[in-house]
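Each chain gets a letter, A, B and so on, in the order the sequences are listed, and its residues count up from 1. Reckoned from all heavy atoms, side chains included, excluding hydrogens, waters and symmetry mates.
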Protein chains: 2
Amino acid sequence: MSYGDVMNARVRSEERRAEIVGAALEVIAERGYRGASLAAVAERVGLTQQGLLHYFPTKDALLVAVLQERDRWDAVPDTRWRVDLLASLVEYNAMRPAIIQTFSALLGESVTEGHPARSYFTQRYAQVRATMTEVLRAEYGDRLPNGLTPEHTAPLLVAVMDGLQYQWLLDPESVDMPGAFRDFLRLLGEPVE
Amino acid sequence: MSYGDVMNARVRSEERRAEIVGAALEVIAERGYRGASLAAVAERVGLTQQGLLHYFPTKDALLVAVLQERDRWDAVPDTRWRVDLLASLVEYNAMRPAIIQTFSALLGESVTEGHPARSYFTQRYAQVRATMTEVLRAEYGDRLPNGLTPEHTAPLLVAVMDGLQYQWLLDPESVDMPGAFRDFLRLLGEPVE
DNA sequence: AACAAAACCTACCGCTCTACAGGTAACGCG
DNA sequence: CGCGTTACCTGTAGAGCGGTAGGTTTTGTT
């Protein structure tokens, strides 16, 4: 029992932290990271700002937790991915506008000087490009049907996903994000029906 | 002389405003709009924050001027554009990282709730997509060599430009923005077998 | 029951931000 | 020269920010 209670305490604490991270995701989606105040996040989980600082000692620490959380469920695709799975991912994303908005806002902010998420995004994009290259090579070899190499195609693939997200967030009625992405995949040579 | 002096005063005032807008572009590039303080912009042109407010009564008014300025030199391409001119535009952009950074940061922020630039970007993107559609139709007719319609291609074109900008801003060494964009244009112009 | 640690609070500090109020000096015009 | 306008300034209000200090309640262990 004693051991079990220890575990319960730990689990509760972890749950609280997860709650806070979830609230932070929402607030960042609404106001960006710089615009997101600790007090606003705290209020959403029924804490004071100082109560929140008990779990995350600084605002940057909370951001780190948010980015780690992203890496948890939005894991970087590994080599066993196939290109057509990306279409499903985009379709899934179209159902989670809040999450997409969070990370689109963070990406936009991160290009400014000294932003705490900058190195995260730099590294993540390098990694995603590298993995995408591998995925493409595994599927098509050293040349895609359209003549491009996997190395040259990967940045385009990532760019289309991100760029479409911004257009879609700004005007979801006018932009069919999953449809447009499937169009792009068709350009790459993948038969999509 | 009297008339000339009136003009000189007006011109001086306009020049001052342009100076301020230029400084605002820089500061927004460095810190985003929310992170950009009027005091920082003012200091860059040798004014106090209150002196700046003499020219732009609110921070939002300054942002409006920044966005109008963008529309001045970065005019929306008209129908007489040709697709290959876009490659030159991207190449030109690669030489102005500060400007690209300004508007990439603004675009990222604008997807958050109640951002003062949101409607600007929504409208501008709708307009750019429409014009791009026309440009593509003028060049290729109702079907591109790869089988897509101009309507379906325009959002992809815009997405690639924006998406590449973020990757390039985060890691200019690793991303050849103009080269990647030319690759994409080649994708559009050559039939996919 | 005793105690330690975790969870959360109140109070507060120092800073920054936009914006308003009101003053002053220079300029250009009649 | 006198006067209004433009172009600034100082001062300050008023709010919000992240973070610290230190206390108190709750919880779990022994």
Side-chain angles (χ1 to χ4, degrees), chain A residues 1-21 23-24 27-28 30-66 109 112-117, chain B residues 1-24 27-28 30-66 105 109 112-117:
Chain A
M1 164 179 171
S2 62
Y3 192 79
D5 281 3
V6 168
M7 284 303 287
N8 282 342
R10 265 191 205 150
V11 165
R12 252 202 314 274
S13 175
E14 279 307 309
E15 276 170 0
R16 203 79 163 115
R17 287 174 62 95
E19 247 187 285
I20 293 169
V21 168
V27 175
I28 292 173
E30 289 166 15
R31 321 252 311 147
Y33 174 69
R34 262 191 258 257
S37 76
L38 294 175
V41 177
E43 192 201 9
R44 215 162 285 218
V45 293
L47 280 178
T48 62
Q49 181 237 114
Q50 294 83 348
L52 188 153
L53 285 173
H54 172 70
Y55 290 92
F56 299 95
T58 67
K59 193 183 177 184
D60 279 14
L62 177 55
L63 176 61
V64 167
V66 165
E109 274 183 293
T112 61
E113 278 173 22
H115 193 280
Chain B
M1 165 179 174
S2 61
Y3 191 81
D5 281 5
V6 168
M7 283 304 289
N8 281 342
R10 262 189 207 150
V11 165
R12 254 201 314 274
S13 175
E14 278 309 307
E15 276 170 359
R16 204 77 163 116
R17 287 173 62 95
E19 248 187 284
I20 294 169
V21 169
V27 176
I28 292 173
E30 289 167 15
R31 321 252 310 147
Y33 174 68
R34 261 191 261 254
S37 76
L38 294 176
V41 177
E43 192 202 8
R44 214 162 285 219
V45 293
L47 280 179
T48 61
Q49 179 241 122
Q50 295 85 344
L52 188 153
L53 285 173
H54 172 70
Y55 290 93
F56 300 95
T58 67
K59 192 183 178 183
D60 279 15
L62 177 56
L63 176 61
V64 167
V66 164
E109 276 183 291
T112 61
E113 278 172 23
H115 193 280

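The nearest pair of heavy atoms linking R17(B) to F56(B) is NH2-CE2, 3.4 Å.
Note: CG (D60(A)) to C1' (dG19(D)) measures 12 Å, nearest angstrom. The distance between atom NZ of K59(A) and atom P of dG16(D), rounded to the nearest whole Å, is 15 Å. Following rounding to the nearest Å, Q50(B) (CD) and dT6(D) (P) show an atom-to-atom distance of 20 Å. Rounded to an integer number of Å, the gap from CG of L53(B) to C1' of dT6(D) is 16 Å. To the nearest angstrom, C1' of dA19(C) lies 16 Å from CZ of F56(B). Rounded to whole angstrom, the span from the NE2 atom of H54(A) across to the P atom of dA6(C) amounts to 8 Å. Atom-to-atom, CG of L63(B) to C1' of dC17(C) comes out at 17 Å; the value is rounded to the nearest Å. What separates CD of Q49(B) from P of dA21(C) is a distance of 15 Å, to the nearest Å.
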Inset, instruction - Report the C-alpha distance between E109(B) and R34(A) in whole Å, list the side-chain angles of each, state the deciding distance to 0.1 Å, and finish with yes or no for side chain to side chain contact (heavy atoms under 4.5 Å, CB included). - result: CA-CA 10 Å; E109(B) 276 183 291; R34(A) 262 191 258 257; over 6 Å; no
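For R16(A) and dC8(C), the shortest distance from a side-chain N or O to OP1 or OP2 is below 4.0 Å. Under 4.0 angstrom from either OP1 or OP2 of dA6(C) there lies no side-chain N or O belonging to Y55(A). Contact between the side-chain N/O atoms of R12(B) and the OP1/OP2 oxygens of dG28(C) is found at a separation under 4.0 Å. Put simply, S37(B) has a side-chain N or O that comes within less than 4.0 Å of OP1 or OP2 on dC17(C). For dA6(C), the OP1/OP2 oxygens have no side-chain nitrogen or oxygen of S13(A) closer than 4.0 Å.
If you run side-chain contact (heavy atoms from CB on, under 4.5 Å) between Y33(A) and each of V66(A), L63(A), L62(A), only L63(A) comes through.
In this structure a side-chain-to-backbone donor-acceptor pair under 3.5 Å is present from S37(A) to A40(A). Distance alone, capped at 3.5 Å, is enough to place a donor-acceptor pair between the T58(A) side chain and the A61(A) backbone.
Counting non-hydrogen atoms under 4.0 angstrom, A36(B) reaches the backbone sugars and phosphates but no base. Counting non-hydrogen atoms under 4.0 angstrom, L47(B) reaches the backbone sugars and phosphates but no base.
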